[in-house]
Structure formats: structure tokens, C-alpha cells
Amino acid sequence: MATIELASKYAELVDEKFSTESKSDLLTNQNYKWDGVKSVKVYKISTSNMYDYDRQGEGKYNSKSYYGEVQPLDATTQEMTLSQDRSFTFVIDRLDEEETGDALGAAKALERQLREVAIPEFDSYILQKFVTAPALKLRLKR
């Protein structure tokens, strides 16, 4: 019986894990720049209460205002400090990159690392913080 060695072929695609992009971006504020700093101070400005308009000028309010009690606004600061300092590293040998048909390409490897490791870890941390944080106090007047 004749011996036949069958040919092998590598696909140009990589069998990627199924994953989704970050969902915590919907819950977190992206307005502050943290480049080069460990903490950021942000002003917290108070708000005023809502009142019924005193159309008749009956003097319902101590401040003699048609619009309600006149109140000064507070301007305090809140300092936010980073609590995580995470990192990762890997090496891609040029010969390995070439001989795998660019399956080990740097851009693809970085995208995979972010999608499958960094973003899920970040989302998990953020969601854990939301779950364990003290309840938000809403100022509602009934």
C-alpha cells in the first residue's frame, strides 16, 4: 500500500475568544484627564431647593422672594485618587511574527490583550465598586 502524506495548511485567521468591549464606559465619567497625576481635585457645587412660585406675593418665604428662599451655593472640592496601577507586558519575536503569517502581529496582540484581559478586569473592578459603594443619597423634597 502506498504512503501518502497529506498537505497541511494554516489559516490566516486566529481563533479569537468571544468577548465584548467595555460596558463600564456607560457608567463612568470620562471627562477627567489622569495623564501624569495620581489624583485630581474636582469642585462640587451645591444646588438649591425647588419652591412653588409665589405669584400673589403673599410673603410665603422669609426672603420676600416670589421664587422661594434665597440660598447661597457651596463650592467644595473632592479629591479623587487612583487606587489601581495595573500593567502588562509581552514580547513578540520578529521571526515568530513572520513565520506565523502575522498571527502574532503587535497590533492584533495588543487589541486581543485589551479585549480579553484588561477591559474585563477593569469592568469587573468598576462594577464591584458600584455594588459595594455606600448608597447614593438623593435630595428629593416630597
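These numbers were taken from a predicted model, which means no experiment stands behind them.
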Members sharing [X]'s hydrophobic cluster (side chains within less than 4.5 Å):
{"X": "Leu95", "answer": "none"}
{"X": "Val117", "answer": "none"}
{"X": "Leu82", "answer": "Tyr32, Trp34, Val37, Val40, Val42, Met80"}

> Where do Leu114 and Phe122 land on the side-chain contact (heavy atoms from CB on, under 4.5 Å) test, with the steps shown first?
Replying inline: CA-CA 10 Å; Leu114 294 175; Phe122 176 76; over 6 Å; no

Partner residues of [X] under the side chain to side chain donor-acceptor pair (under 3.5 Å) criterion, sequence neighbours left out:
{"X": "Gln84", "answer": "none"}
{"X": "Ser83", "answer": "Tyr125"}
{"X": "Ser65", "answer": "none"}
{"X": "Asp52", "answer": "none"}

List in chain and number order the residues that pass salt bridge (charged side-chain N to carboxylate O under 4.0 Å, His left out) with [X], two or more places apart in sequence or in another chain; answer none if no residue qualifies.
{"X": "Arg55", "value": "none"}
{"X": "Glu111", "value": "Arg115"}
{"X": "Glu98", "value": "Arg94"}

> If you look only at pairs with a residue in residues 117-133, which of them pass as a salt bridge (charged side-chain N to carboxylate O under 4.0 Å, His left out), with sequence neighbours excluded?
Replying inline: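 Output for this query lists Arg86-Glu121.
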
> Does atom OH of Tyr53 have more than 12 heavy-atom neighbours from other groups under 6.0 Å away?
Replying inline: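 It does: Tyr53 OH has more than 12 such atoms within range.
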
> Is the number of heavy atoms from other residues, nucleotides or ligands under 6.0 Å of Asn31 CG greater than 12?
Replying inline: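 Result for CG/Asn31: enclosed.
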
Would you give me the side-chain donor-acceptor pairs under 3.5 Å for residues 70-78, sequence neighbours excluded?
unit_1: Gln71; atom_1: OE1; unit_2: Ser48; atom_2: OG; d: 2.9
unit_1: Gln71; atom_1: OE1; unit_2: Asn49; atom_2: N; d: 3.2
unit_1: Gln71; atom_1: NE2; unit_2: Tyr51; atom_2: OH; d: 3.2

> Distance from Gln113 atom CD to Thr89 atom OG1, nearest 0.5 Å?
Replying inline: 9.5 Å

>> Minimum heavy-atom separation for Ala106 and Glu97, please, with both atom names.
In response: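 That would be N-OE2, 4.3 Å.
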
